[in-house]
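Structure record follows, encoded as structure tokens.
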Number of protein chains: 2
Amino acid sequence: MKKVGLKDIALHVGVSTALVSYVLNGQAEEKQVGKEVAERIRRAAEELEYRPNQLAKSLKTRKSNTIGLIVADINYRFSSGITRAIEAEAKRKNYTVIFGSSNESSDKFSELVNVLVNHQVDGLILVPVEHAEQSILTLQKSDVPFVLIDRNFPNILTNSVLLDNYKAAYDSTVHLINQGHSKIAFINYNAQLHNLQERTRGYLAALEEHGIEHHPGWSLFVRSSHYESDMRKAIQQLVSGNKCDAIFFATDRLSISGLKEIVSLKVRVPDDISVFSFDESEAFELFSCPISHARQPLEKMGKIAVTMLLDSINKPRAVNQIYLETQLVIEKSCRE
Amino acid sequence: MKKVGLKDIALHVGVSTALVSYVLNGQAEEKQVGKEVAERIRRAAEELEYRPNQLAKSLKTRKSNTIGLIVADINYRFSSGITRAIEAEAKRKNYTVIFGSSNESSDKFSELVNVLVNHQVDGLILVPVEHAEQSILTLQKSDVPFVLIDRNFPNILTNSVLLDNYKAAYDSTVHLINQGHSKIAFINYNAQLHNLQERTRGYLAALEEHGIEHHPGWSLFVRSSHYESDMRKAIQQLVSGNKCDAIFFATDRLSISGLKEIVSLKVRVPDDISVFSFDESEAFELFSCPISHARQPLEKMGKIAVTMLLDSINKPRAVNQIYLETQLVIEKSCRE
DNA sequence: AAATTTGCTTTAAACGTTTAAAGTATTATA
DNA sequence: TATAATACTTTAAACGTTTAAAGCAAATTT
């Protein structure tokens, strides 16, 4: 079947393409198109199964009704959750999502930004990766609106939708303290990502403010490139020798691999050790004990990100940063 | 910063846009553009930070270098896995992915198909949902190439990349039989989806061919709308009264909710009951016993889907259906 | 009866590219 | 020296829309 264009309809009805365009874009009233003619145009469009060419439309109007989304890795629970929320909200607002996954590579990240910008997206929602500063700065100079989500760079002022990581980690640690723990270990990635560092900061602040001396051996940082083996060492270290009585994991992935190690060492949760996780995981559903955790408001983040982006597309103005709170979900993994 | 176009470069260098286009598209040789001029054009493009307008390009060449992807729900492990593979392979072949999630709604599915087609995608990769037959048939009449992945409709002949669900379920069941089980229960969704029905068929065939009489109460079908409560009833039924000694779950989600119920009833795996899962889950990592399962080749499926799609974009020809095999991952969850 | 208003419609340029086809020097061949 | 081939460049139409501006009857006002 050949593609039907405005011209075909115009020809079929015997009018100009202008009229057809007006009618099919709901400007029939405004442009005072004859009622009978309008009706014939609509019928013809129906009959001929007209599909507007969004490319031509976008080219002419300089608006693609498309937003670009780059996540760090779609296999993360965080990414798929946020993607779902963003896609749904975008659709609701009549936008289409162009998608890319950087797989935590800053090269792929900046490449993707380029591709999406070339595709004339109206704006971008980005989960930036380590070392993406340069891309972000470049992007700022182009006039493509964007908002960062989940991660940002403290020395680059951008629209962003973030978690209050500091507070979430602080509150989580306080929860452990309130449960009577004082030997609280903390395991994080050794990454530069600001959101992760904020979690460390929150943990340390909570200890300090509660007069708990921080034992250096209790905050451990695993390399994401070797997290299995680093985690093994970390857990072994924490449960032998200078034993701690609680572990706070800074991400869901860390929790899972930590818990695996804990299980293999026959250490019981919460009898032998308490566990708290930043973020949750499907894996917790089948662990011997439900894991207390800080829950990220993914739906909300996605929705706000889209709203913020469309706002800044329509009326660019001051930079906007929103910090959302996590919800502490208290289960049985931290003994009293 | 104003947008820089071919025209601006042409003006800057003092040549026509045609030359600029030739040079920047690597046709400098072919079109015998002067070496020195070509160099000046390239430099100008660099300096002015030229970004080609992909929309204009696509409009003119009638090729968007874009593929549409619709998954059933990006939160499924299957979906994110397949999305990652598809995005990566598409990128490798210089295609960009436009993404949508139908959330298992056939209305949203057909709406998404329309949106993507209007965006002039060169082709579509679809995980169809129940009752999407009509959309698929319509799509077939338009000349947009597409390939179905994971699910198809037996009475509609389309390009598709599928799992050999029958064989996978058959082999899985045989594995249970070989482990000495004969009272093997099977839990599936009560959906019309052909791939799920094939799993049921594989299970039944394995029993039959091994002379095991099939007890009707042993194949149970839960409603996806009430799967928690239906699952509860199902498991209770299977472990009390007419006890079976193994359960084969038809999907990862079913396994998780089934296992949760099993745990809450203090039934032990594999001591009291054996468990086999179709597909795997992050959740298995923390279960008390590693779960034997049939693993889907997500990477491969995604890669093949893209390849098949691009093939059919470039030289449309006979319909192509590929059935991939699963890999049985044998763990400790099925006792001897 | 001329001028104006109203109601409807068309014209044509533009969006940023691509690409046949035509144009114009310069050099080589007869 | 005329002719042809070569090397390089421009012209201009096209892709499928949108939209300001102009056009033209018929109806209304002066």
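Values below: every heavy atom of this structure, side chains too, minus hydrogens, waters and symmetry copies. So that the names make sense, note that chain A is the first sequence line, chain B the second, and so on, each numbered from 1.
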Pair A:Glu87, A:Thr83: side-chain N/O donor-acceptor within cut-off below 3.5 Å: no

Minimal non-hydrogen separation, B:Val144 against B:Gly123, with atom names: CG1-CA, 4.2 Å

A:Ser79 side chain to A:Asp73 backbone, donor-acceptor under 3.5 Å: yes

Between C:dC8 (P) and A:Ile41 (CD1): distance, integer Å: 13 Å

Whole-Å distance separating the NZ atom of A:Lys31 from the P atom of C:dT10: 15 Å

d(CD, A:Gln32; C1', C:dT5) in whole Å: 12 Å

B:Arg43 and B:Glu46 ion-paired at < 4.0 Å: no

Salt bridge A:Lys93-A:Glu89, side-chain N to carboxylate O under 4.0 Å: yes

For chain A, the stretch of DNA chain D it reaches, first to last nucleotide, under 4.0 Å of its heavy atoms: D:dG16 to D:dA20

Contacts of type side chain to side chain donor-acceptor pair (under 3.5 Å), residue A:Asn103, not counting sequence neighbours: A:Ser101

Pair A:Glu36 + A:Arg40: basic N to acidic O under 4.0 Å: yes

Global bending angle along the helix from C:dA1-D:dT30 to C:dA30-D:dT1, which compares the axes of five pairs at either end, to 10 degrees: 70°

Value in whole Å for how far the C1' atom of C:dT10 lies from CG of A:Leu11: 14 Å

Residue mapping more 5' on DNA chain C - nearest nucleotide basis, B:Ser21 or A:Val37: A:Val37

Touch class at under 4.0 angstrom, heavy-atom based, for B:Thr61 against every strand present: sugar-phosphate

Carboxylate-amine/guanidinium proximity below 4.0 Å for A:Lys91 and B:Glu111: yes

Pairwise 5' ranking along DNA chain C for B:Leu6 and A:Gly34, keeping only the more 5' one: A:Gly34

Donor-acceptor pair between A:Thr96 and B:His119 side chains, under 3.5 angstrom: yes

Upstream residue (5' side of DNA chain D) when B:Arg62 and B:Lys35 are each assigned their closest nucleotide: B:Lys35

